[in-house]
Structures are given as structure tokens and as C-alpha cells.
Chemist: 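This is the structure, below, for whatever I ask next.
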Amino acid sequence: MTYDTVRETDPAVADALEGERARQNDTLAMIASENHVSEAVLEAQSSELTNKYAEGYPGSRYYGGCEFADDVEQLAIDRAKALWGADHVNVQPHSGSQANMGVYLAVLDPGDKILSLDLTHGGHLSHGHPANFAGQVYEVEQYEVDEETGYIDYDALKEKAEAFEPDIIVSGYSAYPREVDFGRIQEAADAVDAYHLADIAHITGLVAAGVHESPVGVADFVTGSTHKTIRAGRGGIIMCDEEYADDVDSAVFPGSQGGPLMHNVAGKAVGFGEALEPEFEAYAAQTVDNAKALGERLQEHGLELVSDGTDNHLVLIDLRPSHPDTTGKDVEAALEDAGIVLNANTVPGETRSAFNPSGIRAGTPALTTRGFDEETCREVADLIYEVVDAPEDETVVAEVSERVDELTDEYPLYD
Ligand code: DSN
């Protein structure tokens, strides 16, 4: 795909688009929620469906001319059902947050109670943070991970549920390196007759490939975003049992969205189709193996991982034990100068601020897409460690940057 036409008509935007293409090619994307979609997904997302209004659902739209919109949406739905095994799927949410909003609107009233994981322990804004609509519309109580082990404290969660009596318990996290025991969260929900929403935004691809336990058939609602481990381009998705289908669909449209972004729905259809191919299972398994290799090598260098390792696609590094005077932002900035892009992140028991926290989060979905294996990820761990240990040393940063250049040349992205 070229930007030749944009260049002719709008060179300023063309510069930015080409800059971003080069940035992605020339750096290592290790923000755990990011990935690189295929050229087929990119093409579908830039299709003429961006022009089309299609309020409603396949076969029942408010506007005419929706036959091809119907085709792509039905393909996306059918493929999602095949991937995750859900009874009912809504592929219209514009994002994971919109998917969560759809579930809340479907079954909660303003003032109802949400029990969810604290943001600084790995939760998500849309699970009820005060700065987010969910924290403003609903009453929110939060559970935590055990600060000693870094694992969800399922017993404390259940006790909290019994005391708080939530209407819904939210599981699924943004910075949690361990397998989630959805069954135990369901037990807590059952004990207080609460709904259970499992937000698998980060692990959609791992669940689809069977390398992480699935909450489908366990939780009442499963939400996700479609651009992370599943690699299907920007957007969100809701899955539920048939009994909630009408409420969920009405909550998405007309409850919280207007016309669906049909070009993105087309991207989802293509990406889900790719994920149904046998190679996707290998990709997901490699993503986890790579995260384990990355984490183990970081530990060999003396860095401390929250929960002492990982079961999924990310590692969370607590810098305080090994580098007490270095903040996550210091490391994030120095690594970006070296061409490794990840994010500063809060850690359980955070003693700094959310803006300048004590940890960094690193993920392997995008590296795995560009072909990295365990050996390459161990080398990336070496590079990360060199910068963590000397973030202000320009010579170190320059040396790491040179090696990143070699790696990105060896593993190019798009043609
Ligand atoms: N911003 C995403 C993440 O990085 O985890 C979650 O929406």
C-alpha cells in the first residue's frame, strides 16, 4: 500500500503517515497491547466501507445499500463464533472500552455496583476508574493482587464480593502477567448473584488459539478489543449467551453508538479469518514462549518481575528492588531513544505516581508477528537491561540503538 495519492493532495499528512510507517518498521513495538496487522487487514480497513452508514444489524438496517456491509459483518460474526465458541457476538463496538460500556448499559442501571481490579494492580480505566464514565455512573469497589505474590487474591476478591454485593464483577486485565482463573471469579459472582464480565482485551488471541483458558461459557459476558493479540485491527467485540443478545445489541446500537465503523468491521472479518488458520495457534504459542524467554533473561540480569514470571504475552518489571532510583518513565524514554518502545507502568504496591510509576510493561505480540523467536527475545532482554542499568548513558543507548537497527533490518515489517 502506498500513500502516493495522499502525497499529491496532502503532503503534510503523507509525511506523518510515512513517518509512522518508518517508525513502526525501525523500532521494536513492545507495548503489550500493540501488534502489527496483516496487509490484508490494512486493505480491508481502508476500504470504501468507510463511506457507508449501516445502523442496525445484518438483515435489519435503517438505511438502504447495506448488502455488502451485511456480508462483511456476518462474516466477522460467524468467524468470531468459530474462534471463541460464543453463542452470540456483536462486532460493532468501536473499541474495548465501548464493548465494556455496551455490557454495562445492557444489564446495569446508574448507581449499580461494579467490583473490579484496581488500575494500579493491572485493571483498566473502563472497569470503573473515577476518571472514566464507568467510575462516574456506577458505584465501584476494587480488588487487588496479592502484593507478595503478584497473583490475583481470589479469596480476598470473594470476601470483598460478599461484603460489597456487586451487580457485576469484572475480570480480565491490562497489566497482569498470569493466567486468569475465570472459574474462581465466577464462583465469587455466583456467591453474590452478580453478573461476570470477562474483559479479555489483551488475551483475545491467546484465548482463540487455546493457549489461555477461555471465559466463554463461564462468564456471562466476554469483551475484547480486536487489535491486540488477535491482530484484526482497531475495534471491540462483545460475546454472550443468547439470552443477553437483544439487550447487548440494543446497548451497542442505538444505546451507545450510531453507525458502526464498517471498514473496521471488515478488518475484523479478515483478521478473524486469518486467526482461524492453523498458523495462528503457532503464533499465539510463540508469543507466550517469547514472553517467557524475555522474562527469564531479564531475571537472570537481576530484574524483578511482578509475580516472578509470566504465563501470557507480557512481563511487568518492578524496577524498585534492582534500580530504586530509576523510574519507569526514565526507562521508557531511554529505551525509546534506543528504538525499543514500551510503556512505564504502575506495579502492585506502587509508591510513585501513575504518571511516573516504578515499573515497565513489555509485551511480545508485535515482536512475534515480525518473526522473533525465544533467542531473539533473549537478546532483546539483554538490550533492555543495558538501558535499564544506564538510562542516562548516551553511549549505551547509541549501541543498543545500532543493534535494534540491525534487528529491524533483519525482520522487516510490510513490503
Ligand atoms: N491501552 C491499552 C493497554 O495498553 O493496555 C488498554 O486499553
Side-chain angles (χ1 to χ4, degrees), residues 16 19-36 120 122 174-175 177 290-306 309-310 313-370 372 375-411 413:
E20 176 60 13
R21 174 176 283 169
R23 187 196 69 78
Q24 289 191 21
N25 189 65
D26 300 345
T27 59
L28 300 181
M30 296 193 73
I31 292 175
S33 48
E34 292 185 0
N35 210 331
H36 304 290
T120 62
S174 291
N290 283 351
K292 286 181 194 290
L294 178 85
E296 283 162 12
R297 186 60 149 241
L298 291 169
Q299 287 179 307
E300 284 165 24
H301 283 294
L303 294 185
E304 184 156 313
L305 302 190
V306 171
T310 182
H313 62 299
L314 67 87
V315 296
L316 187 58
I317 302 153
D318 186 345
L319 296 165
R320 293 172 301 183
S322 59
H323 296 80
D325 299 325
T326 306
T327 71
K329 278 285 179 200
D330 295 337
V331 172
E332 179 190 293
L335 279 170
E336 186 169 353
D337 287 345
I340 298 176
V341 184
L342 46 65
N343 63 288
N345 213 95
T346 54
V347 289
E350 181 58 65
T351 42
R352 292 192 175 97
S353 71
F355 189 69
N356 191 12
S358 303
I360 51 173
R361 185 185 66 162
T364 53
L367 296 191
T368 309
T369 292
R370 69 191 296 167
F372 282 31
E375 193 186 332
T376 338
C377 286
R378 277 191 283 274
E379 180 174 2
V380 171
D382 294 341
L383 299 176
I384 289 175
Y385 178 73
E386 283 179 40
V387 175
V388 165
D389 205 38
E392 286 169 13
D393 187 328
E394 288 174 12
T395 308
V396 166
V397 170
E399 281 168 8
V400 169
S401 175
E402 265 177 42
R403 183 60 191 133
V404 168
D405 285 346
E406 288 166 5
L407 284 169
T408 56
D409 285 349
E410 199 177 335
Y411 297 90
L413 278 175

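Basis for what follows: all heavy atoms, side chains included, without hydrogens, waters or symmetry-related copies.
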Chemist: Is any side-chain heavy atom of Val380 closer than 4.5 Å to one of Phe372?
Modeler: yes

Chemist: Taking all non-hydrogen atoms of both residues, which atom of Glu332 and which atom of Leu342 are closest, and how far apart?
Modeler: CG-O, 3.3 Å

Chemist: Could I get the full list of side chain to side chain donor-acceptor pair (under 3.5 Å) partners for Thr327, not counting sequence neighbours?
Modeler: Asp330, Asn356

Chemist: Looking at every heavy atom in both Gly363 and Pro365, which two are closest together, and how far apart are they?
Modeler: C-CD, 3.3 Å

Chemist: Are any non-hydrogen side-chain atoms of Ile384 and Leu335 less than 4.5 angstrom apart?
Modeler: yes

Chemist: In chain order, what residues pass the side chain to side chain donor-acceptor pair (under 3.5 Å) check against Glu300, with sequence neighbours excluded?
Modeler: none

Chemist: Stepwise, does the side-chain contact (heavy atoms from CB on, under 4.5 Å) test hold for Thr376 with Tyr411?
Modeler: CA-CA 11 Å; Thr376 338; Tyr411 297 90; 3.8 Å; yes

Chemist: Side chains of Asn25 and Arg370, heavy atoms from C-beta outward: is any pair under 4.5 Å?
Modeler: yes

Chemist: Taking side chain to side chain contact (heavy atoms under 4.5 Å, CB included) as the definition, give me every residue that meets it alongside Thr27, ordered by chain and number, with sequence neighbours left out.
Modeler: Arg23, Val341

Chemist: Tell me every residue that passes side chain to side chain donor-acceptor pair (under 3.5 Å) with Asp382, counting only those two or more places apart in sequence or in another chain.
Modeler: Arg297, His301

Chemist: Rounded to the nearest 0.5 Å, how far apart are CG of Asp26 and CG of Leu407?
Modeler: 12.5 Å

Chemist: CZ/Arg403 to CG/Leu383 distance, rounded to the nearest 0.5 angstrom?
Modeler: 7.5 Å

Chemist: As a quick check of understanding, evaluate side-chain contact (heavy atoms from CB on, under 4.5 Å) for Arg378 and Leu294, giving each step before the final call.
Modeler: CA-CA 5 Å; Arg378 277 191 283 274; Leu294 178 85; over 6 Å; no

Chemist: Other residues, nucleotides and ligands only: do more than 12 of their heavy atoms fall within 6.0 Å of CD on Glu392?
Modeler: no

Chemist: Does any pair with a residue in residues 348-365 pass salt bridge (charged side-chain N to carboxylate O under 4.0 Å, His left out), and if so which ones, sequence neighbours excluded?
Modeler: none

Chemist: Among all residues two or more places apart in sequence or in another chain, which pass the side chain to side chain contact (heavy atoms under 4.5 Å, CB included) test with Thr120?
Modeler: Asp118, Thr346

Chemist: Check side chain to side chain contact (heavy atoms under 4.5 Å, CB included) between Gln299 and all other residues, then give those that pass, not counting sequence neighbours.
Modeler: Glu296, Leu305, Asp308

Chemist: Which heavy atom in Ala338 sits nearest to a heavy atom in Val404, and how many Å separate them?
Modeler: O-CG2, 3.4 Å

Chemist: Surrounding CD of Glu375 (heavy atoms of other residues, nucleotides or ligands, distance under 6.0 Å), is the total greater than 12?
Modeler: no

Chemist: Of all heavy-atom pairs between Gly302 and Ser322, which one has the smallest distance, and what is that distance?
Modeler: O-CB, 3.6 Å

Chemist: Please report the shortest heavy-atom distance between Val315 and Gly295, naming the atom on each side.
Modeler: CG1-CA, 3.9 Å

Chemist: Within the side chain of Lys292, is there an N or O that forms a donor-acceptor pair under 3.5 Å with the backbone of Thr310?
Modeler: yes

Chemist: List the residues meeting side chain to side chain contact (heavy atoms under 4.5 Å, CB included) with Thr369, not counting sequence neighbours, and say none if there are none.
Modeler: Asn35, His36, Arg231, Tyr283

Chemist: List, one per line, each side-chain donor-acceptor pair under 3.5 Å for residues 393-402, sequence neighbours excluded.
Modeler:
| unit_1 | atom_1 | unit_2 | atom_2 | d |
| --- | --- | --- | --- | --- |
| Asp393 | OD1 | Thr395 | N | 2.9 |
| Asp393 | OD1 | Val396 | N | 3.2 |

Chemist: Which pairs with one or both residues in residues 316-363 pass ring pair (Phe, Tyr, Trp, His ring centres under 6.0 Å), sequence neighbours excluded?
Modeler: none

Chemist: List in chain and number order the residues that pass side chain to side chain donor-acceptor pair (under 3.5 Å) with Asn290, two or more places apart in sequence or in another chain; answer none if no residue qualifies.
Modeler: Gln286, Thr368

Chemist: I want to check something: taking the side chain as every heavy atom from C-beta on, are Asn345 and Ile360 in contact at a cut-off of under 4.5 Å?
Modeler: no

Chemist: Which atom pair, heavy atoms only, marks the closest approach of Ala32 to Leu314?
Modeler: CB-CB, 3.8 Å

Chemist: Are any of the side-chain heavy atoms of Val388 and Thr326 separated by less than 4.5 Å?
Modeler: no

Chemist: State which residues pass salt bridge (Lys or Arg N to Asp or Glu O under 4.0 Å) with Glu410; sequence neighbours excluded, sorted by chain then number.
Modeler: none

Chemist: Does the side chain of Leu316 reach to within under 4.5 Å of the side chain of Val347, using non-hydrogen atoms?
Modeler: yes

